[in-house]
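Notes follow the structure.
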There are 2 protein chains.
Amino acid sequence: MNKKEKEVTIYDIAKKLNISASTVSRGLNNDVTVKKETQKKVQSVAKQMGYRLNSLASNLRSKKSNTIGVIVPRLNSNFMADVIAGIEKVVNEGGYNLIISQSLETMEKEIINTETMFNNRVDGLLVSTTYNTNNIDHFEALIKKGVPVIFFDRVFDHTEWPTIRIDNFKAAYDATSHLIKQGSKNLFHISGNQTTNVYTDRFKGFKQALIDHHIIFDEANLLVTDLSTGSGEDVANYMLALPKLPDGVFSANDQCAVSCMQSLQKAGIKIPKDIAFVGFNNDTITKVIEPNLSTIDYKGSEMGEVAARVLINHLNGTDIKPAHSIILRSELLIRESSLRN
Amino acid sequence: MNKKEKEVTIYDIAKKLNISASTVSRGLNNDVTVKKETQKKVQSVAKQMGYRLNSLASNLRSKKSNTIGVIVPRLNSNFMADVIAGIEKVVNEGGYNLIISQSLETMEKEIINTETMFNNRVDGLLVSTTYNTNNIDHFEALIKKGVPVIFFDRVFDHTEWPTIRIDNFKAAYDATSHLIKQGSKNLFHISGNQTTNVYTDRFKGFKQALIDHHIIFDEANLLVTDLSTGSGEDVANYMLALPKLPDGVFSANDQCAVSCMQSLQKAGIKIPKDIAFVGFNNDTITKVIEPNLSTIDYKGSEMGEVAARVLINHLNGTDIKPAHSIILRSELLIRESSLRN
DNA sequence: CTGTTAGCGCCTTCAC
DNA sequence: GTGAAGGCGCTAACAG
């Protein structure tokens with residue numbers, strides 16, 4: 001390491017200009033109480049001397065890190081990439097830094113990451129919990145200290161802060177109703193981990209749609225999976241072995257729906273004639289699979305932006321803390337084959 | 001803000017134990033010079049009093065932020081999500097924090113982000129440059145101060161540090177050769193911005209394959225686009241209007257290839273009979289489109305992990321700095337229809 | 001409008 | 001093995 005040149009500090013600038021360090025500090029921070037002329041001089045000399053702010057010192061003094069933390073279960077999904085992009089945009093525009101970590105679906109890591117964020121004195125935290133998170137005690141310390149903790153997508157309701165999410169129940173209800181209106185009577189639901197609001201709500205919506213359309217729900221028609229491509233294939237094989245094929249499937253994500261569709265098609269099943277599908281997420285693949293897959297559209301980037309904005313507005317005192325959860329828009333997109341056969 | 005309870009500091013612990021703050025500090029950091037017994041006492045009292053390290057102070061003192069910075073052009077792509085996930089994993093395991101920002105393909109923002117990272121005293125920086133980055137002067141300050149700057153994927157060669165990437169030339173050469181071996185004679189290349197190593201190298205590989213197979217290259221057969229879905233459609237329309245259709249297309253990414261294929265198929269073109277395609281990236285969609293798309297596979301997560309590991313090993317002094325660029329493995333995956341027709 | 005003073009909480013000499 | 005002292009660079013009172 002060749003850190004030859006010593007760092008230029010405000011004292012160096014002060015000495016050069018024969019003024020005090022405080023004035024330099026004020027000048028650099030565009031403090032209104034400092035003369036315009038002095039300010040200009042300070043800034044130009046700072047630049048000329050190659051001064052750069054030492055955020056480390058500034059942070060210690062002001063007891064603020066100017067940093068927002070994010071903890072998500074996984075970073076490598078389409079949806080989460082959109083969310084993160086949205087968060088980054090707002091956070092960066094707001095002049096904050098963004099610290100990111102993934103819990104890899106283990107609560108243990110979520111707890112450790114939270115502690116690290118806490119020690120780093122993040123000014124606020126945005127969280128989407130793991131499948132296995134069954135309580136939120138590990139965030140209590142932050143909340144007690146007045147550090148905002150805002151949940152999005154996979155949420156835990158807590159009284160202090162609003163949560164940002166979509167209406168999973170209604171989206172699932174609409175998706176299922178669509179299948180029923182198209183003639184499906186024997187419906188299956190492919191779902192994910194049933195400890196998370198996201199998937200339990202989708203399941204509830206599915207069930208309620210059946211009930212409201214006088215279709216009897218059989219517990220065996222709920223297939224709990226990890227929603228992966230592999231699970232889609234498993235589900236297809238499972239269905240093919242059934243005495244009676246389903247005629248409608250609502251999947252809690254697109255990835256699993258598509259791989260299931262592909263496996264069924266390989267076995268000669270016609271979609272949607274034999275089995276109709278609706279997915280969830282509006283992933284790119286829904287417009288590539290033939291026939292195109294109807295799905296629930298909602299914007300990860302919007303979710304990220306809203307979550308970040310709520311947080312930052314609060315930190316800036318620009319906005320009062322919203323009293324209630326924020327429900328973002330989601331919409332059923334109805335698709336069909338884009339090819340003429 | 002209700003920060004009622006004051007922060008517990010090492011002085012509070014010291015007072016309670018009637019020892020000095022230095023000893024507490026040493027005890028907390030498992031310093032060997034401190035008695036085992038004292039250490040235990042310190043740590044247990046610390047826990048009991050709810051002490052947490054103030055990284056802000058620690059950072060200032062040690063002039064280290066314990067943080068790695070990442071600057072990428074965009075966060076919301078499949079590939080970049082994988083890269084970030086890989087980086088996060090290694091960085092987190094190494095006990096560092098991860099600050100992330102996106103330059104949104106503008107060099108201006110890249111420069112600002114770099115300065116922010118610099119001010120925040122990141123211990124190292126991982127960068128994939130924008131399309132418009134035509135020099136890397138803005139990283140000089142970091143490098144001069146001994147802060148490692150490591151480029152990946154979209155790289156600029158500089159003498160100080162290795163770059164992490166794949167052999168784009170060879171991958172493109174292989175992809176094109178495959179098309180030629182399958183019978184293509186009139187080949188087109190869909191490429192991206194020609195200021196970036198990634199796309200110029202792929203183009204060079206394409207061209208060289210033609211030359212080596214005695215096929216004359218016509219500049220008109222290079223289509224420079226933004227590689228988006230929309231561009232894929234435009235390219236399809238362009239081709240359909242040509243006096244003579246191409247019979248082979250090598251696209252610099254999958255997304256554009258697939259949308260081009262879809263548009264052509266809508267117009268009645270048979271793939272691969274009329275036109276054969278090869279893409280790049282091994283995106284999920286390549287296994288959904290019919291026929292499945294042959295593509296170049298390489299792992300974003302691996303790239304992220306390797307880049308992060310090189311950096312962290314260096315910071316830990318575990319490893320000497322690699323002298324040369326690191327070329328990661330990439331591979332042509334040959335695919336065809338997965339359906340029986 | 002500017003200067004003086006006093007830390008933020010920690011860690012690292014240097015003593016003993 | 002432990003303590004005392006000092007300072008990382010900045011900014012927030014408090015004066016004037």
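When reading the values below, keep in mind they use all heavy atoms of this one structure, side chains included, and skip hydrogens, waters and symmetry mates. Please read these numbers as outputs of a predicted model, since none were measured by experiment. Within every chain, numbering begins at 1; the chains are lettered A, B, ... in the order of the sequence lines, protein sequences first and strands thereafter.
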Is there any side-chain hydrogen bond (donor to acceptor under 3.5 Å, both in side chains) pair reaching into [range], and which pairs are they, with sequence neighbours excluded?
range	answer
residues 66-85 of chain B	B:N78-B:D283
residues 300-309 of chain A	none
residues 108-123 of chain A	A:S101-A:N113, A:E110-A:T133, A:E110-A:H138, A:N113-B:N92, A:N120-B:N97, A:R121-B:E7

Chain A reaches DNA chain D, atoms under 4.0 Å from its heavy atoms, from D:dG9 to D:dA13
Sequence neighbours excluded - salt bridge (Lys or Arg N to Asp or Glu O under 4.0 Å) pairs with any residue from [range]:
range	answer
residues 31-46 of chain A	none
residues 88-100 of chain B	B:K89-B:E93
residues 17-29 of chain A	none

Span of DNA chain C engaged by chain A, first through last nucleotide within the 4.0 Å heavy-atom cut-off, is C:dC1 to C:dG9
Exercise. Apply ring pair (Phe, Tyr, Trp, His ring centres under 6.0 Å) to A:F79 and list each qualifying residue two or more places apart in sequence or on a separate chain.
Key: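 A:F79 satisfies ring pair (Phe, Tyr, Trp, His ring centres under 6.0 Å) with A:Y298 once adjacent residues are dropped.
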Quick note, ring-ring contact (aromatic ring centres under 6.0 Å, His included) partners involving residues 18-58 of chain A, not counting sequence neighbours, are none
Note to self: Please give me every residue in residues 21-32 of chain B whose heavy atoms get under 4.0 Å of an atom in DNA chain D, ordered by residue number.
What the structure shows: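 Close to the strand are B:S22, B:T23, B:R26.
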Per the under-4.0 Å heavy-atom filter, residues of residues 38-54 of chain B near DNA chain D come out as B:T38
In this structure, CD1 of A:I68 is separated from CD1 of A:I312 (nearest 0.5 Å) by 5.0 Å
